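What follows is a short report on a single structure.
Side chains are part of it too, since the values below use all heavy atoms of this structure and drop only hydrogens, waters and symmetry mates. Below, read A as the first sequence line, B as the second, and so on, with proteins coming before strands; counting in each chain starts at 1. Quick caveat, the model's predicted, so the values are computed rather than measured.
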Amino acid sequence: MRMSQLVGNRYKEQPVEATLPSHAFLLRGGYVRQVANGIYSLLPPAMRVARKIEGILRSEMNRLGGQEVLMPVVLPRELWEESGRYQTVGLELARFTDRTGHAMLLGMTHEESAVALARNEISSYSQLPLMIYQIQTKFRDEPRSRGGLIRVREFTMKDAYSFHASIEDLHRFYRQCCMAYKRIFFRVGLPQIEMVESDTGIMGGLKAHEFTLLTDVGEDTIAVCDTCSYRANMEVATGRVEAFPEDALPLEKVHTPGKKTIEEVAEFLRVPPRKTAKVVFYDSDHAGRLVVALIRGDLDVNDSKVATLIQKWPVPADEARIVSAGAVPGYASPMGLDRDKINVLVDETIAQSGNLVCGANEPDYHCVNFNLARDLPGIETCDIRRVPDGAACALCSGTLNLRRGIEVGNTFQLGVKYTASMGMTFTDAQGKSHHPVMGSYGIGVGRLISSIIEAHHDQYGPKWPMSVAPWQVHINALKLDNPDVREHAERLYQRLAVANIEVLYDDRNASPGVQFADADLLGIPVRLIVSQRNIAAGQIEYKRRSTGETGVVPLEDTVGSVINWIGQELESLNADMGI
RNA sequence: CGGGGCGUAGCGCAGCCCGGUUAGCGCGCUUGGUUUGGGACCAAGAAGUCGCCGGUUCAAAUCCGGCCGCCCCGACCA
């Protein structure tokens with residue numbers, strides 16, 4: 001490729017809207033252009049990176065036995081009604097009607113489509129297991145996109161769907177798929193990506209993992225054990241919290257005038273916040289009952305965990321709602337409330353503490369010496385707390401640290417949620433009918449591009465790993481109006497092209513500073529510099545983008561050296577070496 | 001959806017408060033010349049419905065009203 005013809009300008013001004021390095025470089029390097037909020041065009045350099053990533057995705061999916069398909073972006077409403085998600089998924093599902101008035105939607109994930117495809121083709125256990133995958137455009141009408149390609153509304157995703165005759169076979173395949181994901185991330189230059197336990201969210205199903213690049217600019221919060229391999233998204237992370245058992249003292253009502261918050265009550269009664277019990281009200285659970293969550297005063301409720309328990313997203317209850325259930329805001333307690341009309345969620349930490357302070361359900365009064373087993377008998381406890389930074393790991397003696405991360409991929413053990421609701425069956429060896437067990441597996445291509453830049457850049461631009469670099473070699477020729485320089489540069493360009501090397505040739509007669517700055521923004525791993533002084537010495541100068549190493553090689557050895565460098569760098573990204 | 005900010009040439013901005021000639025500046029672009037190892041210099045150019053609609057006024061980028069779009073933080077979100 002000749003740079004004089006390359007579509008897309010580079011510029012040196014820092015774009016005001018870009019706060020992340022990857023976002024700024026994508027704009028400054030001429031990789032992407034925004035078309036609307038969360039909607040981008042990819043220019044040739046980004047398109048080439050995307051194609052390389054897609055090639056790696058294909059090879060690893062094919063290695064798993066996956067078969068590539070292409071399902072539609074535009075889907076009929078009926079398909080999503082079959083699974084029930086037409087109702088349960090919110091505004092991020094873009095809906096519209098076609099000219100005949102038929103309700104349509106833009107696919108944001110393709111479990112329904114995959115089942116609809118497979119149920120007509122699969123009827124026997126002998127056809128299982130099976131995985132289909134596609135690399136395709138998704139649209140999700142996100143409430144807020146951000147960070148360049150990190151969170152967008154339209155994006156390219158590799159999504160895969162597997163079907164199994166048994167849960168055991170799903171588990172076996174799931175492990176293989178996770179290994180394939182590790183190989184993928186290794187091959188694109190991100191071996192540090194972590195496998196993280198996660199919420200199943202709108203996918204539903206049994207179990208899910210995310211694959212996350214830990215970085216301060218990430219938007220997810222991950223609990224990371226400093227000792228063992230436990231990693232979990234905040235949504236589901238659990239940890240050990242110190243228990244404070246005490247022998248129960250008699251329950252006693254105390255006057256606490258005007259003291260409503262945990263801080264006020266704790267200070268007034270001269271106890272630490274951990275000796276109090278906090279009540280949080282949510283408007284309703286799936287059955288319409290008021291939700292009363294009880295947690296130790298020094299801890300916070302984790303809404304995601306509550307959502308899983310009450311089967312809907314928790315919305316804080318307003319004061320009228322709380323009062324109508326017989327509770328007194330600021331002095332509330334589950335004690336004395338009609339347990340048939342409310343859903344009480346009690347965090348384990350309440351059972352592990354004795355003699356707590358809690359509300360008396362009477363204005364200006366609290367109770368001291370609340371003990372769960374005695375004062376609210378017959379309640380099963382659960383985990384509804386946000387893991388605090390520095391909590392003890394539940395699996396080992398280590399400490400959990402909260403880190404930020406970018407989720408670049410995810411995997412779900414779906415079970416029979418979709419195959420049962422959509423009526424997909426197969427016949428086993430005994431002639432009996434079953435629903436296949438399903439898994440689904442996603443990786444966002446654009447998010448991976450941004451993540452690679454976040455992990456591999458300096459102040460001047462990206463440093464692409466060889467496996468995903470838009471080109472392998474960048475030729476800079478200085479003083480191109482000199483016939484000797486031009487002739488050497490053109491010849492070098494031809495020789496490299498003949499050797500099947502991907503070359504970007506800066507054939508503009510631009511000043512060295514401009515050429516080098518542009519080369520840094522394009523981040524190509526090998527840079528070759530043709531100049532009069534190098535020609536006179538019979539040599540070519542090179543610079544490796546990733547290491548900054550510079551040197552010279554004799555002119556006649558150039559192609560051979562380049563082939564060696566490319567080979568070395570690709571070999572270091574070969575997953576067979578690393579995993 | 002809540003809070004904050006911004007919309008003037010491809011990009012980054014000034015001008016607006018206090019209405020008044022041909023709406024400026026830097027980068028980029030075009031032409032010519034001089035240059036050339038980390039974003040050169042000189043000269044001459046091209047490029048703008050000042051986000052949109054309406055109002056006030058002799059006169060609106062500037063004042064008023066409405067709308068739209070974009071960014072950041074939060075909420076939300078595989």
Considering only the [atom1] atoms, how many Å lie between [N] and [M], rounded to the nearest integer?
{"N": "rG26(B)", "M": "rA47(B)", "atom1": "C1'", "result": "16 Å"}
{"N": "rC18(B)", "M": "rA75(B)", "atom1": "C1'", "result": "41 Å"}
{"N": "rC27(B)", "M": "rA44(B)", "atom1": "P", "result": "15 Å"}
{"N": "rC63(B)", "M": "rG20(B)", "atom1": "P", "result": "11 Å"}
{"N": "rG15(B)", "M": "rC58(B)", "atom1": "C1'", "result": "24 Å"}
{"N": "rC50(B)", "M": "rA61(B)", "atom1": "C1'", "result": "5 Å"}

Determine, for Tyr460(A) and Arg545(A), whether the Lys NZ or Arg CZ falls below 6.0 Å from the six-membered ring centre while staying within 45 degrees of the axis.
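No cation-pi geometry.
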Charged N-O contact under 4.0 Å between Glu142(A) and Arg153(A):
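Salt bridge flag = no for Arg153(A) with Glu142(A).
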Hey, is Glu219(A) close enough to Arg404(A) for a salt bridge, meaning N to O under 4.0 Å?
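The answer is no: the pair does not qualify as a salt bridge.
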Nucleic acid footprint by protein, nucleotides 68-76 of chain B - heavy-atom cut-off 4.0 Å, B for base, S for sugar-phosphate alone
--SSSBBBB
In B/S/- notation (B base, S sugar-phosphate only, - none; protein heavy atoms under 4.0 Å), nucleotides 27-40 of chain B written 5' to 3' is S--------BBBBS
Using a heavy-atom cut-off of under 4.0 Å over every strand shown, decide if Ser198(A) touches base, sugar-phosphate, or nothing.
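Counting heavy atoms under 4.0 Å across all strands, no contact is made by Ser198(A).
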Measuring centre to centre across the rings, with the benzene-like ring taken for any Trp, is His164(A) within less than 6.0 Å of Phe173(A)?
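His164(A) vs Phe173(A): aromatic centres under 6.0 Å.
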Ring centroids only, cut at 6.0 angstrom: are Tyr174(A) and His209(A) within range, meaning strictly under it?
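Yes, they do, as the ring centres are separated by less than 6.0 Å.
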Roughly how far apart are Ile452(A) CD1 and Leu213(A) CG, rounded to 0.5 Å?
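Here the interatomic distance stands at 10.0 Å.
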From Asp484(A), Leu480(A), Ile535(A), residue fulfilling side chain to side chain contact (heavy atoms under 4.5 Å, CB included) relative to Val530(A)
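One option only clears the test, and that one is Ile535(A).
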Let me know which of Thr215(A), Asp220(A), Ile193(A), Leu448(A) forms a side chain to side chain contact (heavy atoms under 4.5 Å, CB included) with Ile406(A).
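Passing option: Thr215(A).
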What I'd like to find out is whether the side chain of Pro436(A) reaches to under 4.5 Å of the side chain of Val416(A), using heavy atoms alone.
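With C-beta onward as the side chain, the pair stays apart.
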Note every stem involving RNA chain B: at least three consecutive Watson-Crick or G-U wobble pairs, i with j then i+1 with j-1, with both distances under 3.5 Å.
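Runs of three or more consecutive pairs: B:1-7 with B:68-74, B:10-13 with B:24-27, B:29-34 with B:40-45, B:51-55 with B:63-67.
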Can you list the steps and then say if Asp481(A) with Arg486(A) is a salt bridge (charged side-chain N to carboxylate O under 4.0 Å, His left out)?
CA-CA 7 Å; Asp481(A) 51 352; Arg486(A) 180 166 287 277; over 6 Å; no
Determine whether Ser41(A) and Val32(A) satisfy the following criterion, side chain to side chain contact (heavy atoms under 4.5 Å, CB included), listing intermediate values before the conclusion.
CA-CA 6 Å; Ser41(A) 292; Val32(A) 303; over 6 Å; no
Please report the distance, rounded to the nearest Å, between CD in Gln14(A) and C1' in rG26(B).
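After rounding, the reported distance stands at 17 Å.
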